[in-house]
There are 2 protein chains.
Amino acid sequence: MKHNLIIADDHKMFLDGLLSILKTESNYNILYTAKHGGHVKKYITINTEEKIDLVITDVTMPEVDGIALNKWIKKTNRNIKTLVVSMHNSPKIIDELIESNVDGYLQKNAQKEEFLQAIETILGGEKYFSKEIKDIYLQNKFEKNKEKEIKLTKREVEVISLIAEEFTTQEIADKLFLSKHTIESYRKNLITKLNVRNLAGLTKYAIKKGYVSS
Amino acid sequence: MKHNLIIADDHKMFLDGLLSILKTESNYNILYTAKHGGHVKKYITINTEEKIDLVITDVTMPEVDGIALNKWIKKTNRNIKTLVVSMHNSPKIIDELIESNVDGYLQKNAQKEEFLQAIETILGGEKYFSKEIKDIYLQNKFEKNKEKEIKLTKREVEVISLIAEEFTTQEIADKLFLSKHTIESYRKNLITKLNVRNLAGLTKYAIKKGYVSS
DNA sequence: TTATAAATCCCTGTTTTCGGGGATGCTTAT
DNA sequence: ATAAGCATCCCCGAAAACAGGGATTTATAA
């Protein structure tokens, strides 16, 4: 029996490419293609009688993006599988998708064979992630756990950012309308908290966290 | 008269997508599609009689990549236009391509309209780069020029690295078997030379240059 | 409601950084 | 050969950072 697919991507070219490789396989039936997630939600909502096996979706789309669409599908229709394809492999996106139970993730520059492999795997009831994606996800989890205990407060983030921007204690105090003693306390606490030795360590931390750009 | 195109990309899906949007326009004639640059070189070398207007190529391909292919084409056949498409927009790649006289550059996630626009522009004899790509290129040039004069000596690199690794002047002096005054001089010179204000600035510079990891 | 965490401020003393100087050899190009 | 650049060392004084305490008020969570 044929499997029913929906594809969502606002890039005509990618869509055409995907359709062309799916056409070579005879056992897929493309129910619907959409330019953004909202259309897919509407389609699924209306066609309740239809068996939908898999939604293939891009991440970046206007209005309702792939992440939101995946969340919505997984919340409302747990028997619809989802495969997300994306240009980029940002740990944040991957994490959010996996946490919301996506069935597979592929980079857009994957080869034809991998696409078909992923679709087959997912329709068979398993998850599909390339080794690279799994590594990114785990690496991210690992780092988060390592740094979990260390939570900086809003003020601390403000202060460490300004430190990394090369301002002195007095300047930061003036900027934030605080006493220089206060900033000194923050610096001291940050050095202890982050287990570093001096401004260089604080600066590196700020860069790693993206509070400032190097 | 129809324009003759060659397309090189090792991703079947992208190729199919591109072909499908080119098919909607009747005035393009696809002479040849290839999985890597070497095939294109061979094709061009053999078919000397044929008028080839434009080669559209991916950057990352096995064996001969898009950058090498573009260089080769521009060196041997100055009347063949080139359009490079890529997943990413790394300043390095963009710079290298523009310096070797590519006629256009597009990200793979561009919309159909932009693809056709780019091809038309290039066939009309002009260059095509999106505003974003131009910005990246110029930004890169600007930064390179800004940093060109600033050349750190071996010793300076050693010292700034250790500073960014959170060692104090005295510790660095001990490590390098130098007087603490020497290290102080280096620190002072570095701050002046690099036009920063303090250790935070030095640390950021060291990270940007890859002397230490954040 | 009662801890706990966050934000703010203060003191003392030591060490380091920072911003000026300048000096001496030793290479390396011009 | 002479200038320029590099590596090394030194001094001084002011400013800032570092290390170690502690205190108060206001949210917030247990």
Side-chain angles (χ1 to χ4, degrees), chain A residues 144-212 214, chain B residues 144-212 214:
Chain A
K144 265 196 180 156
N145 283 336
K146 244 189 8 189
E147 287 163 8
K148 193 153 56 185
E149 294 95 286
I150 303 172
K151 272 257 155 66
L152 298 192
T153 67
K154 262 188 202 167
R155 254 323 193 212
E156 285 173 332
V157 170
E158 264 185 297
V159 172
I160 197 175
S161 302
L162 290 166
I163 287 174
E165 283 168 40
E166 301 173 51
F167 294 109
T168 66
T169 298
Q170 186 61 62
E171 288 169 342
I172 296 170
D174 294 345
K175 249 180 221 295
L176 302 181
F177 303 104
L178 293 173
S179 153
K180 108 180 192 185
H181 299 295
T182 309
I183 308 302
E184 275 171 357
S185 293
Y186 279 119
R187 179 168 28 73
K188 189 169 43 175
N189 284 337
L190 283 165
I191 287 176
T192 310
K193 222 171 173 176
L194 301 177
N195 203 32
V196 296
R197 300 185 68 191
N198 52 31
L199 289 195
L202 293 180
T203 304
K204 287 198 284 181
Y205 186 89
I207 288 171
K208 188 162 60 183
K209 287 297 179 181
Y211 299 148
V212 294
S214 70
Chain B
K144 264 195 181 157
N145 284 335
K146 242 188 12 187
E147 285 164 10
K148 194 155 52 186
E149 295 95 288
I150 303 172
K151 275 256 155 64
L152 298 192
T153 67
K154 262 187 201 168
R155 254 318 192 215
E156 285 173 332
V157 170
E158 263 186 298
V159 172
I160 198 176
S161 303
L162 290 166
I163 286 174
E165 282 169 40
E166 302 173 52
F167 295 109
T168 67
T169 297
Q170 186 60 63
E171 288 167 343
I172 296 170
D174 295 345
K175 249 179 222 295
L176 302 181
F177 304 105
L178 292 172
S179 154
K180 104 179 194 188
H181 299 295
T182 309
I183 308 302
E184 276 170 359
S185 293
Y186 279 119
R187 181 170 24 75
K188 193 169 36 175
N189 284 338
L190 284 164
I191 287 176
T192 311
K193 221 172 173 176
L194 301 176
N195 202 32
V196 297
R197 299 187 66 192
N198 52 31
L199 288 195
L202 293 180
T203 304
K204 287 199 284 180
Y205 186 89
I207 289 170
K208 187 160 62 183
K209 287 296 177 183
Y211 299 148
V212 294
S214 70

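Convention: sequence-line order gives letters A, B, ...; per-chain numbering from 1.
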Grab the [atom1]-[atom2] distance between [X] and [N] for me, whole Å please.
{"X": "Asn189(A)", "N": "dA19(D)", "atom1": "CG", "atom2": "P", "result": "12 Å"}
{"X": "Asn195(A)", "N": "dA19(D)", "atom1": "CG", "atom2": "C1'", "result": "15 Å"}
{"X": "Lys151(B)", "N": "dC6(D)", "atom1": "NZ", "atom2": "P", "result": "10 Å"}
{"X": "Leu202(A)", "N": "dA16(D)", "atom1": "CG", "atom2": "P", "result": "17 Å"}
{"X": "Glu156(A)", "N": "dA5(C)", "atom1": "CD", "atom2": "C1'", "result": "11 Å"}
{"X": "Lys188(B)", "N": "dG22(C)", "atom1": "NZ", "atom2": "P", "result": "11 Å"}
{"X": "Ile183(A)", "N": "dA16(D)", "atom1": "CD1", "atom2": "P", "result": "14 Å"}
{"X": "Lys154(A)", "N": "dA6(C)", "atom1": "NZ", "atom2": "C1'", "result": "12 Å"}

Practice item. Report the residue (Leu199(B) or Phe177(B)) whose heavy-atom-nearest nucleotide on DNA chain D is the more 5′ of the two. Key: Phe177(B)

**Study point:** Carboxylate-amine/guanidinium contact Glu171(B) Arg197(A), below 4.0 Å
**Key:** yes

Nearest to the [X] side chain among [options], which nucleotide is it?
{"X": "Leu178(B)", "options": "dC9(D), dA7(D), dC18(D)", "value": "dC9(D)"}
{"X": "His181(A)", "options": "dG19(C), dG21(D), dC11(C)", "value": "dC11(C)"}
{"X": "Arg155(A)", "options": "dA7(C), dC10(D), dG20(C)", "value": "dA7(C)"}
{"X": "Asn198(B)", "options": "dC18(C), dC9(C), dA16(D)", "value": "dC18(C)"}
{"X": "Thr153(A)", "options": "dG20(C), dA6(C), dC9(D)", "value": "dA6(C)"}
{"X": "Tyr186(A)", "options": "dT8(C), dG20(D), dA7(D)", "value": "dT8(C)"}

Practice item. For the residue pair Leu199(A) and Leu202(A), establish whether any side-chain heavy-atom pair is separated by less than 4.5 Å. Key: yes

Check your understanding: Under 4.5 Å between any side-chain heavy atoms of Ile183(B) and Phe167(B), yes or no?
Key -> no

Exercise for review: Ignoring backbone atoms, establish whether Thr182(A) has a side-chain N or O less than 4.0 Å from OP1 or OP2 of dC9(C).
Suggested key: yes

**Study point:** dC10(D) phosphate, OP1 or OP2, under 4.0 Å from Ser179(B) side-chain N/O
**Key:** yes

Practice item. Have a look at Ser185(B) and say if it touches a base, only the backbone sugar-phosphate, or nothing, with a 4.0 Å heavy-atom cut-off. Key: base

Review point. Which part of the nucleic acid does Glu184(B) contact within heavy-atom distance under 4.0 Å: base, sugar-phosphate only, or nothing?
Key: base

Revision key, fill the gap. Between Glu156(B) and the options Lys151(B), Arg187(B), Lys193(B), the salt bridge (charged side-chain N to carboxylate O under 4.0 Å, His left out) test singles out Lys193(B)

Review point. What's the spacing between Leu162(B) CG and Lys175(B) NZ if we round to 0.5 Å?
Key: 6.5 Å

